[in-house]
Colleague: 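To start, I am sharing the structure in question, which I have written as structure tokens.
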2 protein chains.
Amino acid sequence: MNIVTKATIDDVAALAGVSMKTVSRVVNNEPNVRPATREKVEAAIRELSYRPNQSARSLAGNRSYLLGLIYGHPSAHYVLDIQEGVLEICRPQRYELLVHPAIHRDPNLIDEVTDLILEKRVDGVMLTPPLSDNMAVITLLKKMNIPFVRVAPTENKSASPYVETNDEEASYDMTCQLITQGHTRIGFICGHPDHRAMSLRYEGYKAALIENELPLLPDLVAQGENSFESGEMCAKQLLGLPDRPTAIFAANDDMAAGVMMVAHQMGVKIPAQLSVAGFDDTPVAHQIWPSLTTIRQPIRQMAKKATDLLLKQLKGKDIQLPASMLNSSIIVRESTGPLVAVKPGKPK
Amino acid sequence: MNIVTKATIDDVAALAGVSMKTVSRVVNNEPNVRPATREKVEAAIRELSYRPNQSARSLAGNRSYLLGLIYGHPSAHYVLDIQEGVLEICRPQRYELLVHPAIHRDPNLIDEVTDLILEKRVDGVMLTPPLSDNMAVITLLKKMNIPFVRVAPTENKSASPYVETNDEEASYDMTCQLITQGHTRIGFICGHPDHRAMSLRYEGYKAALIENELPLLPDLVAQGENSFESGEMCAKQLLGLPDRPTAIFAANDDMAAGVMMVAHQMGVKIPAQLSVAGFDDTPVAHQIWPSLTTIRQPIRQMAKKATDLLLKQLKGKDIQLPASMLNSSIIVRESTGPLVAVKPGKPK
DNA sequence: ATGAAAGCGCTAACAT
DNA sequence: ATGTTAGCGCTTTCAT
């Protein structure tokens, strides 16, 4: 029973001496309002601390002003960055965000998304990896005829507007850098096969080897599944080789951290005896010792751009450029470098 | 123009041959519907793929079915855990979550919260540290007469229902454990002073020293501010002491990781020459080398319990127990242990 | 440039 | 146990 919460559009109209519709025009920044009228209305709005009721707006206007973010589980850091990027753009336009954690391949996923659309009535949806490539969801979204954008899809790019980054190129550059430092036996740890964007990182690695006329040795390529633990497993495999690699490039930082753990346990010096590189620049990358050379994606920028694309769709604007590319960059730290002869008993 | 999205409560009522109100009763699980009638209605709902329109429900019922989460920035991991805990409980009860990142001490914060309540019309609010102790926000929420819960508040506990954990006790236990391992010079790195919950961790440390008749040496207590970098600074200070500590307990994992980084750079062996303990069990704790002994809070559990408390308030149920305590636990890893004489030239 | 009237799809309050 | 009647506070459509 707070007076603050009570003002309605009628109250404002009465106080300003105009019709309800005129207030509506002012609130929604519609044209055809004389500046003098606009000011009168704005004064009344201020006076009453009027705030339009979203539920009423949604019901009458047949849209919810809600965006849905459906995310699979890359990492907390990634998700939060995306989320905050989205909010930064949509809030000023009076859209809010509904967050939906999803399990890739969960049989309930389709029902949940249907619910998001039918019951919560989100106006648009954003998909992040690995869901950006989930055909079941994409098909559903299309069928429901609801606007959506995808972050970093690798397949069916024509299905929706999207934002991507040059993972493959960055991966190529990283590999080249290792080669330049004198490494010829460079191991690679692949990401989870369900996470298609990960495979582009492998493509970049391959391309660099070929470009530099280095052999692609199957023994030096291990199949991880994104977790720290899988990185450890792969590291044991690669470092246990009779002729082990002098550098290991992992498709994400968690796995790279796993490699470093195993290296430490085996007494292998980084970077003197082994260079290690990761991908993502998660917080662990600079907190680990030695700090990890990795690749940083412009996650927040991608989210902002994607939100922009989505909102433009909602407003019916033609998107001339339904796709957008943002650059990732290599962050060189201490875990990579040329090989160094290690004299036993005299570390550093 | 999709048929799937079109069914309304009237359509269902017509198909089931009952009134709108009866459908409403079924949908909302209200009593006073004969089982036979209920089934007829449910069949019609299924047949039409009917989903109630949230906007209409909200407008008519004068509630939004939206919860607001206002979070300051502890860590991505913490926030996401809270968020998913909230969703796990509120979704089944058909409540959704609006996420609001906030900067503690931001002058706009009050306006933003007002907006969340007046315009987005959230039915209830959850506050996490350090906002749980932000009096400006608490006062506003009270004034607006909106239900709210707090996670881990340290002050004004009677202001709202809340959920807490035994930080102080866990911190006490950790310190005792270090003492048991033979450490008598134990350093402590405090958290950011704005983050009041952090100071309880210091209290636990102090209590353990006193209990064990160890002196509380001011030189061994450093003032950090939660970040990895501040942990490094404090470590340099503590390890630079003429008579340096043999163990350092940091008020969070990020700072503990900073300590380990500095120790590595100085050639100090962990745990042989220095034990290090953290607090939070963030992902970095088990990815770092050596893995970090730390304390795990039941974050998700706290979020679930807090959501439960909030929803009960919304439903007008009396909360007999407006506060709830959940236990944190020590996770012992490799970074702590008794001192070991190190023979130069023979590591491990 | 402004206004009047008609809903949007539900829930609440009150019948029956 | 079920139905009837009014709105909730906006946007839309169509006048003026």
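So that the names make sense, note that chain A is the first sequence line, chain B the second, and so on, each numbered from 1.
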Colleague: Hey, is the main chain of Ser58(A) close enough, under 3.5 Å, to the side chain of Ser64(A) for a donor-acceptor pair?
Modeller: no

Colleague: Run the side chain to side chain contact (heavy atoms under 4.5 Å, CB included) check on Leu127(A) and Asn134(A) step by step: do they pass?
Modeller: CA-CA 9 Å; Leu127(A) 259 30; Asn134(A) 186 312; over 6 Å; no

Colleague: Take atom CG in Asn62(A); do more than 12 heavy atoms of anything else shown fall under 6.0 Å from it?
Modeller: no

Colleague: For dC10(D) and Arg63(A) - does any side-chain N or O of the residue sit under 4.0 Å from the phosphate oxygens OP1/OP2?
Modeller: no

Colleague: Is it true that Lys304(B) and Asp308(B) make a salt bridge, defined as a side-chain N closer than 4.0 Å to a carboxylate O?
Modeller: no

Colleague: Using OP1 and OP2 only, check whether a side-chain N or O of Thr22(A) sits under 4.0 Å from dG3(C).
Modeller: yes

Colleague: Do the side chains of Arg91(B) and Glu112(A) get close enough for a salt bridge, i.e. N-O under 4.0 angstrom?
Modeller: no

Colleague: Find the distance between CZ (Arg57(B)) and CD (Gln54(B)) and round it off to the nearest 0.5 Å.
Modeller: 5.0 Å

Colleague: Can you tell me how far P of dA6(D) sits from NZ of Lys21(B), to the nearest Å?
Modeller: 17 Å

Colleague: Short of 4.0 Å, heavy atom to strand atom, which residues of residues 24-42 of chain B count as contacting DNA chain C?
Modeller: Ser24(B), Asn28(B)

Colleague: How long is the line joining CD of Gln54(B) and P of dC10(C), in whole Å?
Modeller: 10 Å

Colleague: Looking at Ile110(B), I want to see if its CD1 is surrounded by more than 12 non-hydrogen atoms of other residues, nucleotides or ligands under 6.0 Å.
Modeller: yes

Colleague: How many angstroms lie between CG in Leu98(B) and CG in Leu66(A), if you round to the nearest 0.5 Å?
Modeller: 6.5 Å

Colleague: Pairs under 3.5 angstrom, nitrogen or oxygen only, protein versus nucleotides 7-9 of chain D, please.
Modeller:
residue, atom, partner, partner atom, Å
dC8(D), O2, Ala60(B), N, 3.3

